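Structure, as structure tokens:
Just so we're clear, the structure is a prediction, and the values are computed from it rather than from any experiment.
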Amino acid sequence: MNNIIDFCKKHKIQVIGGAVATVLIIGIIVVAAVMSNKENVEVETEETTTVVETTTQEETTTAETESLPASKLTGEPVSEKIAKRRPVAVMINNISDSLPQYGIEKAGVIYECPVEGGITRLMALFDDYSKLNRIGSIRSCRIYYCYFALEWDAIYCHFGQSKYAVDFLHSGNIDNVSAYNAPSFYFQTSDRYAPHNTFINTKGVDGAIKALKYRRKYKDGYEGHFQFAEKENPIILSEGTAAKTIEIDYPHNHPVFQYDKSSGTYLRSQLGQKHIDKNTGHQLAFKNVLIQFVDTAIYPDGKSIDMTVTGKGEGYYITNGNAVKIKWSKSKKASGQTKYVNAETGEDIVLNQGKTFVCVVGNKTAVNISE
């Protein structure tokens with residue numbers, strides 16, 4: 001022990017230096033350990049927080065979607081306001097000089113029927129037409145479009161009319177926005193020549209409905225037109241035939257619907273090119289396609305087409321890459337709804353949720369459905 005004390009006295013500086021060095025080393029080790037633990041705690045806390053926030057957001061979104069009412073046009077969840085709002089049915093010009101069209105991608109249901117000269121017109125049904133600064137171009141009425149609009153309790157927008165539709169338009173049987181009762185709510189553009197340059201927009205539609213004092217909500221007891229499947233249990237039509245390509249032999253535009261497996265929709269083309277909405281630049285796509293064969297005739301003027309959309313007929317329902325034959329029927333009442341049933345089973349046709357395109361064709365018009 002005395003030897004240790006003597007050593008320390010003789011080597012005092014070295015001993016003190018060694019002690020200080022030892023203390024510093026121990027301090028560094030302790031600080032490093034603390035910092036290491038602190039970093040681990042922060043990482044774990046951040047990861048835990050992120051997981052909790054993500055889960056909460058997903059659960060909230062799902063809950064909100066499930067609580068929303070369904071659109072009567074598409075069967076998809078929409079706001080309470082849209083679910084209760086009467087749709088507007090807008091006559092859309094479909095001749096080549098009128099293209100591209102504006103606003104039609106937002107339509108939940110579109111009807112296509114022939115008119116004079118081998119051309120077709122579209123009737124686009126909107127329950128949500130908000131934030132559209134241009135819809136159209138818009139053309140004149142044909143009476144069979146009135147019948148389809150009434151099936152949806154819709155407000156019918158057109159600019160002009162066939163002389164064979166005048167009496168019905170003035171009968172009080174259909175709420176319509178037209179050149180004779182609300183011309184100031186339409187507008188003409190300079191980028192097209194007449195009569196392909198007439199349009200309407202969100203403000204115009206709302207303004208006309210207000211000015212004409214039309215009812216804004218569905219009539220009491222109206223439950224909708226189409227029946228829709230649950231999204232979790234879609235219609236497959238496994239008993240049907242393959243339907244990857246649909247070709248309709250309308251003489252002017254020759255539309256084609258091509259099934260896109262990745263989206264589960266039918267992409268529409270016409271006039272040899274994609275059918276595009278100019279507002280969005282998107283190609284029109286539809287979850288369901290209905291083809292309805294009808295009898296046709298020519299009015300006494302020798303050119304106007306009459307299509308018999310009441311009575312009975314045949315057709316196809318096409319979705320998810322398959323097609324089945326259907327039968328349709330509609331009472332003589334203009335506002336009666338067209339009923340579609342499976343031709344084999346007689347069961348009501350149930351559509352998948354999403355947009356629907358209805359092709360109304362003459363019984364002699366060729367329709368090709370293929371793989």
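Looking at K330 and E151, a side-chain N of the basic residue comes within less than 4.0 Å of a carboxylate O on the acidic one, giving a salt bridge. Using a cut-off of 4.0 Å between Lys/Arg side-chain N and Asp/Glu carboxylate O, D127 and R86 are scored as not salt-bridged. Checked for salt-bridge contact, D97 and R192 miss the test: no charged N lies under 4.0 Å from a carboxylate O. For the pair E76 and K287, the salt-bridge criterion is not met [side-chain N within less than 4.0 Å of a carboxylate O].
Here CG of L150 is found 4.0 Å from CD1 of I174. Values are rounded to the nearest 0.5 Å. Note that the CG atom of N352 and the OG1 atom of T319 stand 4.0 Å from one another [nearest 0.5 Å].
Heavy-atom minimum distance, L73 versus F226: O-CD1, 4.4 Å. Closest approach of N322 and A243 over heavy atoms only: C-CB, 3.8 Å. Contact record, M307 with C113: SD-CB, 4.1 Å, taken as the closest heavy-atom pair. Here the shortest heavy-atom pairing between M91 and H158 reads CG-CB, 3.9 Å. Residue F357 comes nearest to R268 through the heavy atom pair CZ-NH1, 3.4 Å, listed as atom of the first residue, atom of the second, then distance. A pairwise comparison of heavy atoms in G240 and V324 identifies CA-CG1, 3.7 Å as the closest pair.
Two rings, from Y145 and Y156, have their centers 6.0 Å or more apart. A centroid separation of 6.0 Å or more is found between the aromatic rings of F257 and Y266. For Y180 and H170, the distance between ring centers is under 6.0 angstrom.
Under a 3.5 Å cut-off, the side chain of Y214 and the backbone N or O of V177 do not form any donor-acceptor pair. Judged by distance alone, the side chain of R215 and the main-chain N or O of K217 form a donor-acceptor pair under 3.5 Å. Between the side chain of D306 and the main chain of Y299, no donor-acceptor pair closer than 3.5 Å is present. No donor-acceptor distance shorter than 3.5 angstrom exists from the side chain of Y102 to the backbone of N201, with no hydrogens or angles considered. S98 places a side-chain N or O within donor-acceptor distance of the main-chain N or O of I95, the cut-off being under 3.5 Å. No side-chain donor-acceptor contact under 3.5 Å links N173 to the backbone of F168. For T202 (side chain) and L132 (main-chain N/O), a donor-acceptor pair under 3.5 Å exists by modelled atom type. S269 places no side-chain N or O within donor-acceptor distance of the main-chain N or O of G272, the cut-off being under 3.5 Å. In this structure, the side chain of N233 does not engage the main chain of E230 through any donor-acceptor pair within 3.5 Å. Side chain of N342 to backbone of E344: a donor-acceptor contact under 3.5 angstrom is found.
You'll find the side chain of C141 reaches within 4.5 Å of the side chain of C146, heavy atoms only. Using a 4.5 Å cut-off on side-chain heavy atoms (C-beta onward), Y316 and I246 make no contact.
Side-chain contact of N279 with E105: a donor-acceptor pair under 3.5 Å is absent, judged by distance alone. Donor-acceptor pairing under 3.5 Å is recorded for the side chains of T120 and N94. For the residue pair Y340 / Q292, a side-chain donor-acceptor distance below 3.5 Å is found, with atom types taken as modelled. Side-chain contact annotation: H252 with Q270, donor-acceptor N/O pair under 3.5 Å absent. Counting only N and O atoms by type, the side chains of R121 and S140 include a donor and acceptor under 3.5 Å apart. A donor-acceptor contact closer than 3.5 angstrom is absent between the side chains of T365 and D249. Counting only N and O atoms by type, the side chains of T308 and D295 include no donor and acceptor under 3.5 Å apart. At a cut-off of 3.5 Å, with distance as the only test, no side-chain donor of D277 or H282 sits close to an acceptor on the other residue.
Annotation: cation-pi pair K72/Y218 present, NZ/CZ under 6.0 Å from the ring centroid and within 45° of its normal. The cationic atom of R85 (NZ for Lys, CZ for Arg) lies less than 6.0 Å from the six-membered ring centre of Y129 and within 45° of the ring axis.
A 6.0 Å sphere centred on CD of E239 holds more than 12 heavy atoms belonging to other residues, nucleotides or ligands. Within 6.0 Å of NZ on K244 lie more than 12 heavy atoms contributed by other residues, nucleotides or ligands. Within 6.0 Å of the CD atom in Q188, the count of heavy atoms belonging to other residues, nucleotides or ligands exceeds 12. For NZ of K106, the number of neighbouring non-hydrogen atoms (other residues, nucleotides, ligands) closer than 6.0 Å is greater than 12.
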- Query: Stepwise, does the ring pair (Phe, Tyr, Trp, His ring centres under 6.0 Å) test hold for F286 with Y259?
  - Reply: CA-CA 9 Å; F286 301 89; Y259 184 60; over 10 Å; no

*So R134 and D191, salt bridge (Lys or Arg N to Asp or Glu O under 4.0 Å) or not? Walk me through it.*
CA-CA 13 Å; R134 196 165 170 174; D191 61 346; 2.7 Å; yes

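No continuous path of ILVMFWY side-chain contacts below 4.5 Å connects I138 to I143, so the two sit in separate hydrophobic clusters.
For the ring pair (Phe, Tyr, Trp, His ring centres under 6.0 Å) test with H225, the passing option among Y111, W152, F148 is W152; the others fail.
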